[in-house]
Amino acid sequence: MDFDDSVELADFRAQVREFLSANAEPKRGDERDWSRNGAAVDPEVAADYRRRCHAWQKLLFDSGWAGITWPANFGGRGLSSAHQIVFNQELAQFDATSGFLAAAQALVGPTLMRHGSVAQQERYLGPLLSGEESWCQLFSEPGAGSDLAALATRAVLDGDTWVVNGQKVWTSSAQHADFGILVARTDPTVPKHAGLTYFIVDMKSPGIEIRPLVQAQGVAHFNEVFLSDVRIPADNVVGEVGDGWKVTRTTLRSESSMISGAGQASGYAAVLSTARRVGRIEDPIVRDALARVYSNELILKWMGWRTQTAVMTGRLELALHGSLLKNFFTRSLSHRVGLAVDLEGAEGMLSHDAEGDGFWQYQLLNQFASRIGGGTEEVHRNNLGEQALELPKEPSVDRDLPWNETRRA
Ligand SMILES: Cc1cc2nc3c(=O)[nH]c(=O)nc-3n(C[C@H](O)[C@H](O)[C@H](O)COP(=O)(O)OP(=O)(O)OC[C@H]3O[C@@H](n4cnc5c(N)ncnc54)[C@H](O)[C@@H]3O)c2cc1C
């Protein structure tokens with residue numbers, strides 16, 4: 001690994017530090033940091049978090065720090081991924097984030113830049129980058145998640161508008177979104193991947209009903225979205241009619257690189273302090289488990305550094321497969337939070353009444369967001385089998401059948 005910046009990157013890093021020091025507080029690593037409130041249960045704290053995310057993104061935009069890798073003609077700085085990594089490394093030390101807005105930008109931005117019409121790019125990319133408009137992703141359905149191309153939401157052309165009917169689910173932040181990226185079936189008589197079209201939908205359109213799904217930990221991160229005769233102008237098709245799978249793949253690729261890049265572990269100190277609090281620090285079995293948490297954390301950090309070095313030195317052959325990073329992160333997370341709750345013994349069965357307002361109980365339930373979102377662990381194992389180990393692809397019996405002849409949930 002090469003930890004030294006080139007002269008250009010060192011200069012860039014100094015500029016980033018100067019900007020961040022002038023505009024954000026250093027992270028304190030505890031509840032005083034607003035940037036850790038993304039999953040807050042208290043609605044006022046959650047609303048304050050969203051407001052600050054918008055304000056931070058607007059500041060980045062107005063100061064020329066938004067869209068570091070976006071081409072200049074789309075409002076970005078046209079710099080490399082290495083510059084983005086440097087920015088993220090420095091930002092990690094400050095109490096500031098664009099949170100859910102950054103996730104939407106990572107999905108929608110590359111998709112519209114690659115497949116959108118000039119009119120769509122001019123209309124949507126600016127407010128997306130400044131954070132003035134927020135977006136959600138209307139892909140998954142009750143019968144289509146890992147096998148997304150099986151989706152059943154229908155869009156039928158009526159004059160110059162598409163009429164959409166169907167149901168989406170797990171739609172993160174739909175209740176706060178101005179627009180959605182939506183994939184719907186426009187031709188059910190062709191194989192499942194061929195009959196899809198990708199749309200931009202105004203979330204305030206008549207016929208859209210959003211029902212928040214309250215999770216076990218008490219927050220409503222995602223929603224069910226019902227679409228009943230929702231009318232979408234034909235100009236809102238992204239790419240070609242029937243070619244939506246190609247556009248969708250661009251979004252999914254951006255999503256998996258965002259998620260694998262976000263895989264950071266930092267929990268050893270917290271689980272160690274729990275072991276001390278419950279007086280189990282001398283127990284050899286506990287010590288063994290703590291050593292595993294510590295090792296996992298170091299390994300994950302080194303895996304991240306290796307990938308960053310690959311990007312920063314242009315030696316992409318050294319980069320690790322994103323599925324490896326994601327699954328190592330989620331396995332480590334699962335082990336760490338399971339250990340912490342076990343250490344708490346009977347207290348571990350409490351919820352908000354447990355030590356630290358139920359910090360570990362929240363983490364235990366929340367682990368499934370990472371383990372399922374952006375592709376499940378099993379699906380990422382399939383990716384590794386097929387793409388890294390070059391094992392045969394799993395059989396797909398309905399790939400070439402017309403969608404309306406396939407068996408569906
Ligand atoms: C926190 C979070 C946020 C999300 N946000 C969004 C969002 O904003 N927009 C959106 O559209 N979706 C979103 N999702 C949905 C997410 O993309 C799906 O949950 C995911 O793709 C899995 O689909 P599913 O839930 O339908 O499970 P299924 O695909 O039904 O899978 C069920 C089980 O079968 C296993 N399985 C399925 N296929 C295979 C296979 N081929 N080989 C081996 N095992 C298999 C899975 O691993 C899983 O254990 C979000 C999910 C989470 C957890």
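Only this structure's heavy atoms are used, side chains among them; waters, hydrogens and symmetry mates stay out. We count ligands from 1, going down the list as the structure has it; atoms in each ligand are counted the same way.
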Neighbour count >12 (heavy atoms, 6.0 Å) for atom CZ, R276:
no
Ligand 1 contact on N382 by region, counting heavy-atom pairs under 4.0 Å:
side chain
May I ask which of S396, S172, G145 has a heavy atom nearer to atom 21 (O) of ligand 1 than the others do?
G145
Do any nitrogen or oxygen atoms of E394 lie less than 3.5 angstrom from nitrogen or oxygen atoms of ligand 1?
yes
Option with minimal heavy-atom separation from atom 12 (N) of ligand 1, where the choices are G143, G374, S140
S140
How about R13 and Q89: does a side-chain donor come under 3.5 Å of a side-chain acceptor?
yes
Going by heavy-atom distance to atom 2 (C) of ligand 1, choose the closest among F222, F100, F368.
F222
Option nearest atom 1 (C) of ligand 1 (shortest heavy-atom distance, choices S146, A369, A144, A150):
A369
Check whether the side chains of E141 and T153 place a donor and an acceptor atom closer than 3.5 Å, and report yes or no.
yes
My question is simple, although I want it checked carefully: is atom 34 (O) of ligand 1 less than 4.0 angstrom from any protein heavy atom?
no
Above 12 or not: heavy atoms from other molecules or residues under 6.0 Å from CZ of R399?
no
Do T171 and N223 pair up side chain to side chain, a donor and an acceptor below 3.5 Å, judged on atom types alone?
no
Under 6.0 Å from the NZ atom of K393, do we count more than 12 heavy atoms belonging to anything else shown?
no
Between the candidates E255, E377, E378, which shows the shortest non-hydrogen contact distance to atom 49 (O) of ligand 1?
E378
For atom 22 (C) of ligand 1, what is the closest protein heavy atom, and at what distance to 0.1 Å?
T376 CG2, 3.8 Å
Answer yes if the ring centres of W56 and F100 are under 6.0 angstrom apart, and no otherwise.
no
